[in-house]
Amino acid sequence: MDELMALFATQPTTTIARALLGMYLEHETPDGKLGGYIVDCEAYLGPDDLAAHSVGMRNTPRVRAMYQEPGTIYLYTMHTHRIVNFITQPKGIPQGIMIRGLEPVDGIDLMEQQRQKTGPDVANGPGKLVQALQIPAELYGESVFTSPLHLVPERRRTPKGILALPRIGIPNKGEWTQMPLRFAVAGNPYLTNIRKAAVQQDHGWLERRNSDGERNDIDLLRSAINEKNLRL
DNA sequence: CCAACGATATACT
DNA sequence: GTATATCGTTGGT
């Protein structure tokens with residue numbers, strides 16, 4: 001975890017965004033642990049970034065979390081949906097990463113129940129994954145290293161390929177609209193707006209192997225379950 | 001008062 | 001399958 005904290009404090013936000021792909025995100029709720037791999041995210045590089053809430057060092061009550069320590073959880077709502085971001089850079093530099101897609105791993109039943117959906121629709125959008133993980137507004141300003149909503153670097157996976165794309169939903173932001181600040185695991189079915197033909201069998205993950213070179217039993221099980229549940 | 005870092009339903013090739 | 005319309009809340013001017 002120390003390594004992660006250093007990453008958030010010292011590396012460029014785009015580098016952190018890439019490193020978050022495959023990172024395991026967990027929320028410990030009274031009903032159980034909910035979690036999965038981050039597969040889609042966007043970097044927001046305020047104060048220069050015209051699409052960032054912190055553009056021009058704007059500091060209103062809503063945005064105040066962006067000026068806190070790296071790892072601070074920044075939540076905001078739009079069109080009735082709550083969106084989760086993690087703040088990067090040393091305190092006072094208002095940059096962050098929005099989490100846009102999650103491949104569910106633990107607590108899938110609870111997430112499906114929460115969403116009233118199965119398959120990719122459970123968590124292939126920023127508002128969707130917040131609902132799936134049951135992230136409450138009270139986590140605003142808490143730390144993604146120590147709060148009930150936290151990263152688990154020990155469980156992270158490695159993407160085979162990373163896509164760099166323009167961010168979604170930010171028209172009329174000049175050059176910032178087209179800038180490739182959205183990062184995603186190539187071939188993963190939990191990306192926003194992915195084409196069916198672009199989905200890869202292995203979801204875009206580098207294979208994990210045991211010391212004997214065989215595929216990990218847990219991976220085999222999960223891919224079998226994925227086969228069954230994924231209706232694209 | 002209006003624009004916004006969405007999601008969903010509905011309407012169409 | 002893809003495009004558009006509408007829902008809807010909140011913050012900031």
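All heavy atoms count here, side chains included; hydrogens, waters and symmetry mates do not. Being a predicted model, the structure only gives us computed values, none of them experimental. Residue numbers begin at 1 in each chain, while the letters A, B, ... track the order of the sequences.
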In whole Å, what is the span from the [atom1] atom of [X] to the [atom2] atom of [N]?
| X | N | atom1 | atom2 | answer |
| --- | --- | --- | --- | --- |
| A/Arg62 | B/dA4 | CZ | C1' | 8 Å |
| A/Lys128 | B/dT8 | NZ | C1' | 8 Å |
| A/Leu45 | B/dC5 | CG | P | 15 Å |
| A/Tyr74 | C/dT10 | OH | P | 15 Å |
| A/Leu129 | B/dC5 | CG | C1' | 13 Å |
| A/His53 | B/dG6 | NE2 | C1' | 12 Å |

Beyond-backbone contact of A/Asn85 with A/Ile97, side-chain heavy atoms, under 4.5 angstrom: no
4.5 Å side-chain heavy-atom contact, A/Leu25 and A/Leu20: no
Consider the side chain of [X], meaning its heavy atoms from C-beta on, and name the nucleotide among [options] that approaches it most closely.
| X | options | result |
| --- | --- | --- |
| A/Arg115 | B/dC5, B/dT8, C/dG11 | B/dT8 |
| A/Thr77 | B/dC5, C/dT10, B/dA7 | C/dT10 |
| A/Thr80 | C/dT9, C/dT13, B/dA7 | C/dT9 |
| A/Lys117 | B/dC5, B/dA7, B/dA9 | B/dA9 |

Test item: side-chain donor near acceptor, A/Tyr74 and A/His53, under 3.5 Å: yes
No-hydrogen, no-angle side-chain donor-acceptor test under 3.5 Å, A/Gln95 and A/Thr13: yes
Ignoring backbone atoms, establish whether [X] has a side-chain N or O less than 4.0 Å from OP1 or OP2 of [N].
| X | N | result |
| --- | --- | --- |
| A/Lys173 | B/dA3 | no |
| A/Arg100 | B/dG6 | yes |
| A/Arg167 | B/dG6 | no |
| A/His81 | B/dA7 | no |
| A/Arg195 | C/dT2 | yes |
| A/Lys196 | C/dT2 | no |

Residue mapping more 5' on DNA chain B - nearest nucleotide basis, A/Asp121 or A/Ser54: A/Ser54
Complement of B/dC5, any strand, by Watson-Crick or G-U distances under 3.5 angstrom: none
Sugar-phosphate only, base, or nothing, as touched by A/Arg182 at under 4.0 Å among non-hydrogen atoms: nothing
A/Tyr44 aromatic ring stacked with six-membered ring of B/dC5, 5.5 Å and 30°: yes
Polar side-chain atom of A/Glu42 near backbone of A/Ile168 as donor-acceptor pair, under 3.5 Å: yes
